[in-house]
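In what follows, every chain begins at residue 1, and chains take the letters A, B, ... in the order their sequences are listed. FYI, side chains are in, hydrogens and waters are out, and symmetry mates aren't considered; it's all heavy atoms of this structure.
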Number of protein chains: 2
Amino acid sequence: MKKQTTIRDVARQAGVSVATASRVLNGRDVVNDATRRRVLEVMEDLRYTPSSAARNLSLGRTLTITVVTSFLTRPQAAERLRGIDASLADSQFDLVIYNVESIEKRNQYFRTLPLRQRTDGLIVVSLPPPEEDVARLEHSDVPIVFVDARQNTTTLPRVLGDDVAGGALAAEHLLDLGHRQIGFVGDAFENPFGFTSSKDRFAGFQQTLSRAGIKPISDHIAMGGHGRYEAHELAVVMLSRPSRPTAIFAASDTQALGVLAAAQDLGLHVPDDLSVIGYDDIEASDFVGLTTIRQQLFESGRAGAQLLMAEITERAPTPQMVVLEPHLVRRRTTASLEGGPREP
Amino acid sequence: MKKQTTIRDVARQAGVSVATASRVLNGRDVVNDATRRRVLEVMEDLRYTPSSAARNLSLGRTLTITVVTSFLTRPQAAERLRGIDASLADSQFDLVIYNVESIEKRNQYFRTLPLRQRTDGLIVVSLPPPEEDVARLEHSDVPIVFVDARQNTTTLPRVLGDDVAGGALAAEHLLDLGHRQIGFVGDAFENPFGFTSSKDRFAGFQQTLSRAGIKPISDHIAMGGHGRYEAHELAVVMLSRPSRPTAIFAASDTQALGVLAAAQDLGLHVPDDLSVIGYDDIEASDFVGLTTIRQQLFESGRAGAQLLMAEITERAPTPQMVVLEPHLVRRRTTASLEGGPREP
DNA sequence: GGACTCAATGTAACCGGTTACATGAAACCG
DNA sequence: CGGTTTCATGTAACCGGTTACATTGAGTCC
């Protein structure tokens, strides 16, 4: 491996000083046109490319934006990431990604990442920071933005979906259709990462039902792991009881798909025998015609990145909060309770 | 923003030289135990964290692995990425991601990324490099690995799925079921990014049919955009013809889902009236029970990252090629042609 | 007791950029 | 024509680490 060409090589070859070469490189100061051309030519000849490490060190910036996300593989995360990427594509910043799938990794990253030397900005996606790290994050001199990471005690800028409103939306839709026996399948409230979306969606849902004078029935509330198969099993149990609900709200589309599978297992026809509504609007939902509450995933990433850029360039003093509203996407898995009888 | 603490601050505070502080930092040379403890203590007190930029500059390495991928948002890409991440998680390398969704971006990245100063290794995922950049990439002194990027003229290490074998597998499955009129819905052969997977899958498929003495029927071959809706429309046309096929092989699950929707539109029952087989085994396929050819997506990322690490640490001289075999995943959208009559 | 070894640590150069300040020449001014 | 401004460029310090080599002092050996 031959030694790489440096700006000094360029300067020597072009018969100028490193300062001039650097100026040409950055298109900054006024450099004589002839000189500029000569230097550029030499750079081309030598296939010179500046060392970003050196530049970073000298400039005191890294020109990178770091994203910490959980479960990169879930479609939600990928979509949010894409929003961030889209927003950063035209900037000079590079995107560094840390994927967290364990508590240890999370803790490690929250300790080591928010450092001036490492990155110019940090976007935390779907990963509420543990309480003991919040103060550290707030006092960090690295601009930080949270996306889909609810953290009650922090004042840092963040982008959130209104999960309570979304839960209410789901409940309203089912109520409108005439349902009164409505089940819920969601995540366990307590979970290692401190995700609150399932909990919040349930809250909005429950609240709306209460207002309509409907009391919660514990047999109609089931919580477990986030996966489709867990939801499948929970739903089988719930739907096998004599007093089964006529509709189910699942805290995520993934879980709703499990509920659909359970209905099929039990010979229940959707939506005639059972209405199902999910949450997220992942790609698969469109495939199967799942009625759901859409989150603005791509938009959340974009908004987060934009907040961050504002912080970086303007040192924006007012921490902002952006709330993205969920919307009902009506498809084929929900129907009026009094709908015509199922065709034989 | 206060000035950050440097290794010199640490050294002064601890009453040692920067060299010793650096040695402690790297756990290298033998440092007296008492001294080491003192230095570590000071580092803790000062909340010192080394500047990666400075370290990189000094070491001549960036400690980053760069991934260039196309269409991050597609589930395939995300899954491959996760394989890469899993393989890198325990290394000291950080993951920098570039997402390409346009030809311009692709060209820009291929020109600027493979540079010693920028990264210690490059993984190119699902993005065949344009012919004119191949030589540049081969002569680059940055280790490069291709994942799912077929490039005939290169000898660089790569990980590929055997699309031809996969296409053959699909054909064999349908032949085994007794089908003789088999349609194909795939991507246009010519596409701006030079993707070849659809073409290769078709080749394996066609070859197998030929061996079985089946001649291609142009009405049963349809190609268009990669999307579900494009496939939907193509399938509607194909299936509306008087001599419609009894089975369809779609070059991707996304397209297969479009075919399924088309069948539903036309009142064709799957699998009784029409068998459908896809390719990829994305998450949604499991949901809808789509028979498909599974690619080892996660594994491809992992293998790619491992090849790269081998190159980096051992300067491995032999460019390798890893081929991952596809597998048939049999679900509910394919059935024997002579299967019992459909229940009324 | 002097020469030698060795462990622990310090000094200073170096990585490859950026940039404050200095320099020199040309242009402009009264 | 001397003084001042302006423009183009050079010199050298600096960013914050790493490390080759030098130094120091204690221990060992004959």
**OP:** Report the residue (B/Ala54 or B/Arg38) whose heavy-atom-nearest nucleotide on DNA chain C is the more 5′ of the two.
**Re:** B/Arg38
Original post:
Can you check whether B/Thr64 reaches B/Phe93 side chain to side chain, under 4.5 Å on heavy atoms?
Top reply: no
Original post:
Is there a side-chain contact between B/Gln295 and B/Arg80 (heavy atoms, below 4.5 Å)?
Top reply: yes
Subject >> Residue whose nearest DNA chain C nucleotide is more 5′ - B/Leu57 or B/Ser17 >> reply: B/Ser17
**OP:** Send over the distance from A/Ile7 CD1 to D/dC14 C1', rounded to a whole Å.
**Re:** 15 Å
Original post:
So, is B/Thr35 close to the C/dT9 phosphate, meaning a side-chain N or O under 4.0 Å from OP1 or OP2?
Top reply: yes
Original post:
Are any of the side-chain nitrogens in B/Glu101 or A/Arg82 under 4.0 Å away from the carboxylate oxygens of its partner?
Top reply: yes
Original post:
C/dA8 P sits how many Å from B/Arg23 CZ, rounded?
Top reply: 11 Å
Original post:
At under 4.0 Å, does any side-chain N or O of A/Ser58 touch on OP1 or OP2 of D/dC14?
Top reply: no
Original post:
Ignoring hydrogens and angles, are the base of D/dG16 and the side chain of B/Arg55 linked by a donor-acceptor pair under 3.5 Å?
Top reply: no
Original post:
Atom CG of A/Asn56 and atom C1' of D/dC15: how far apart are they, to the nearest Å?
Top reply: 11 Å
Original post:
Is the shortest heavy-atom distance from the side chain of A/Tyr48 to the side chain of A/Leu25 under 4.5 Å?
Top reply: yes
Original post:
Starting at CZ of B/Arg8 and ending at C1' of C/dT11, how long is that distance when rounded to a whole Å?
Top reply: 11 Å
Subject >> Minimum-distance nucleotide (side-chain atoms of B/Asn32 versus C/dA8, C/dG16, D/dA8) >> reply: C/dA8
Subject >> Whole angstrom value for the distance that separates C1' of D/dG10 from CZ of A/Arg12 >> reply: 16 Å
Subject >> Between C/dG16 (P) and A/Met43 (CE): distance, integer Å >> reply: 15 Å
Subject >> Inter-residue atom distance A/Arg38.CZ - A/Met43.CE, 0.5 Å rounding >> reply: 12.0 Å
Original post:
Would you say the side chain of A/Val96 lies within less than 4.5 Å of the side chain of A/Ile65, judging by non-hydrogen atoms?
Top reply: no
Subject >> Integer-rounded Å distance: D/dT19 C1' and B/Leu25 CG >> reply: 14 Å
Original post:
Is the distance from OP1 or OP2 of C/dT18 to the nearest side-chain N or O of A/Ser22 less than 4.0 Å?
Top reply: yes
Original post:
Between D/dT18 and B/Asn26, is there an OP1 or OP2 to side-chain N/O distance shorter than 4.0 Å?
Top reply: yes
Original post:
Between the axis at one end of the helix from C/dG1-D/dC30 to C/dG30-D/dC1 and the axis at the other (five pairs apiece), what's the angle to 10 degrees?
Top reply: 50°
Original post:
Tell me: CG of B/Leu63 to C1' of D/dG16, nearest whole Å?
Top reply: 15 Å
**OP:** Please tell me which of the listed nucleotides, C/dG10, C/dA20, C/dT18, lies nearest to the side chain of A/Val18?
**Re:** C/dT18
Original post:
Run the side-chain hydrogen bond (donor to acceptor under 3.5 Å, both in side chains) check on A/Asp85 and B/Tyr98 step by step: do they pass?
Top reply: CA-CA 8 Å; A/Asp85 180 76; B/Tyr98 292 86; over 6 Å; no
